[in-house]
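Predicted, not measured: the structure shown is a model, and the values here were computed from it.
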4 protein chains.
Amino acid sequence: MTGRRRVPRHEREQQIIDVAVQVFAKRGFHAASVDEIAELAGISKPMVYLYLDSKEGLFLACLRREADRLVAAFQGAAATGGAAPELRLHAALLAFFAFVAEHRDSWVVLHRQASELSEAIATAVAGARRAVLAEVAGLVLAGITESGDSQLDDEDADFVAHALVGAADSLTDWMADHPDQSPEGVTLRLMNMVWVGMGRVLEGEVWSPARP
Amino acid sequence: MTGRRRVPRHEREQQIIDVAVQVFAKRGFHAASVDEIAELAGISKPMVYLYLDSKEGLFLACLRREADRLVAAFQGAAATGGAAPELRLHAALLAFFAFVAEHRDSWVVLHRQASELSEAIATAVAGARRAVLAEVAGLVLAGITESGDSQLDDEDADFVAHALVGAADSLTDWMADHPDQSPEGVTLRLMNMVWVGMGRVLEGEVWSPARP
Amino acid sequence: MTGRRRVPRHEREQQIIDVAVQVFAKRGFHAASVDEIAELAGISKPMVYLYLDSKEGLFLACLRREADRLVAAFQGAAATGGAAPELRLHAALLAFFAFVAEHRDSWVVLHRQASELSEAIATAVAGARRAVLAEVAGLVLAGITESGDSQLDDEDADFVAHALVGAADSLTDWMADHPDQSPEGVTLRLMNMVWVGMGRVLEGEVWSPARP
Amino acid sequence: MTGRRRVPRHEREQQIIDVAVQVFAKRGFHAASVDEIAELAGISKPMVYLYLDSKEGLFLACLRREADRLVAAFQGAAATGGAAPELRLHAALLAFFAFVAEHRDSWVVLHRQASELSEAIATAVAGARRAVLAEVAGLVLAGITESGDSQLDDEDADFVAHALVGAADSLTDWMADHPDQSPEGVTLRLMNMVWVGMGRVLEGEVWSPARP
DNA sequence: CATGAATGAGCTTTCATTCAT
DNA sequence: AATGAATGAAAGCTCATTCAT
């Protein structure tokens, strides 16, 4: 039971979404029940339907709000992290890890519930991920270009972005197992691992199984 | 309708699991219905329950079979890939990407359905992932140790393993968008990105936002 | 179809229980289906589950309501039947036969469905029966004690109570075959049969197969 | 697993019925499953159907065999218990209590499973009970007649028989709670309670609430 | 004589969703 | 603005029963 009686619409919506994020994170989309969400939000089911239309609408609202927050944090950091691409990438990654550390539920909803859902939802999730990937790829490409060499192209940058985002994603689990590690530390390690390696590759150092 | 009439038990079980992997991959655990699986397998529901006990039992059977296959391929390659750790890592990653390329459904089931499920299932999935992570961390550690320097310890190896596995994971999506790319190519790129970078780091080259 | 549209909860519950008693009496617990009960009550199945939780919960509710009614009638009569134990026993038996005559279904549910059911249900039924047995045994003991002789003890009273209750129980069938017989008449006959006999025994008259 | 391989039909049937009586007694008709019975009997389900036709046929076979045994014991004792009706009644009751003491499962099946079943089964159970009631009523009537008085008629005898049989029935529970009590002792007590009382009543002693 | 394989039908239960107030 | 009452539809699961060998 959160608040009661005569709450203006927008505020009620946010309360409902707050609760829904928690419940979806804990139970998953299908296992979550609108009953439980309504009860935890301290209102009746018809209100949920009046404001959010359907279970899927409710989930979409959660998704959008949390995705917007995450993407905003990410892009905001990338925009203000400094001039050099690597600094901006670093700032963005840091923002990401900090967001996940602070809003675990939001992250779970965004990350682990995309399959088994409707077109609309899958699209929304994919859109957020694509936004992040594009941002990263852009930074990577800028870093490459800046370094003068153009051995690597768009596709390579996309590849690196996927690898980076996947690594970051997986490292959220590692973080959950190492609560003492700060987002800053994690970010620094990841940058070292990937960025330095990428730099060397650009300089022509190539690994191959034939001559390792 | 796969096979018909009077099929011995073990064979039927495999048929059912074959179909179930497809359906679970397409719909997700909760949205999948035993009815649909039975119908696609060309048998009646009671057979599914007779042989696999419950919907969860069926899912577990899928999970176990596919996880075993994947882990076996991965570890088999790691064992026979050569003497040097990086060669073995390369072989293992290659086996992984090849497996995913060939058994997309299996991979989806293994990868995207772990949350919102019962203890038993979560355990099974986590176990498979942990096996792979441990294998990778071992290889990474061996690579580090071999190189003579011991700046990096177990925790670092674990970190790198998470990053690598997460990157590989995410790259399966990239592969799905680039059907022309071979598993070999993907593997090579990833090794270059990570391994070379790691080598440089070991040699003392450090990146930091303060002095990039 | 009993009542329709927008009935407050408690009233609906009683309607449902009313119907359920009839159906359980006719079919027995296992053979009764919630579908049939819902349909006869003129509502949909989910209402039954919303209010009574489960088929077993529904049966328990029937059991408790009817058992309470019967035990209350029995004990109420025993309490107000007069001073002398035999008068009170007579009043209680009369109340029992009158109850059965008027609520045949309730009696069937209470009496014939105890086995093959869950612990909770068996406990509820056994509890009601035990309450009645204890009441009867108490009256019998009082009658014995009052008569001055103490040849008979607690165990004897318990034995007599079982015999009496069993006789009464069986006589409900006899009543069903003799609709013209009033509860009063039946009660009187039973009292004559048992109470007088018990009195003689207390006075020392003993029957034995050796010397009949 | 009782016996195996190539057992002649009649013997197999008896084995199946033996097991079925146990299972029906423990679980009740509906809750008992043919699967469990077949497994405990050490044979496959189709054999059960081949020999006993259906679940109901199986139950009927159990019922008939056990009812025959009980009625035979009862009537046998009544026939050989001596000349005087009360001696024969005593012998018959003794046979009844001894049967129940020794074949608890049979008694449970005969006694507590009659409702909720099909016409055929209800008829079978009712038939057995009626046979016993008739026998008892006959003895009671003989006792009455012999005593010279004819205040009491057929209906009265039937009433007494119902009371007696119900008392005996209920006393089987009392016996279950008093394992040290012998069938002989129980029978003697019951005879004392009822027969002596009946005798007094015949002699004109009448109880009534008006003048107790 | 005997059975593993197979199923039609029906059960209890749950849930997203809407109506009447 | 808000809710208690109500339901259609479907899911998981079980069981008595039969077929093919």
inquiry  = By nearest heavy atom, map P46(B) and L50(C) onto DNA chain F; which one lands nearer the 5' end?
reply    = L50(C)

task = Hey, which sits more toward the 5' end of DNA chain E by its nearest nucleotide, K45(B) or V34(A)?
result = K45(B)

request  = Choose from dT3(E), dC13(F), dA6(F) the nucleotide whose nearest atom is closest to any side-chain atom of I43(D).
outcome  = dT3(E)

query = Paired with dA16(F): which nucleotide, if any, by Watson-Crick or G-U wobble criteria at under 3.5 Å for both distances?
reply = dT7(E)

request  = Please determine, for the side chain of Y49(B), which listed nucleotide (dA16(F), dT12(E), dG12(F)) has the closest atom?
outcome  = dG12(F)

key: For atom CD of E39(B) and atom P of dA6(E), their distance in whole Å   = 17 Å

message = Students often get this wrong, so: under 4.0 angstrom with heavy atoms, is A32(D) touching a base, only sugar-phosphate, or nothing?
response = sugar-phosphate

ask   = Looking across every strand, which nucleic acid part, if any, lies under 4.0 Å from R9(D) by heavy atom: base, sugar-phosphate, or nothing?
value = nothing

inquiry  = Of the listed nucleotides (dA11(F), dC13(F), dT7(F)), which one gets closest to any side-chain atom of S44(C)?
reply    = dT7(F)

inquiry  = Need to verify one output field. Residue with the more 5' nearest nucleotide on DNA chain F, M47(C) or D35(B)?
reply    = M47(C)

request  = Find the distance between CD1 (I37(C)) and CZ (R27(C)) and round it off to the nearest 0.5 Å.
outcome  = 10.0 Å

message = In terms of relative ring orientation, are F24(A) and F59(A) parallel, tilted or perpendicular, with 30° and 60° separating the classes?
response = perpendicular

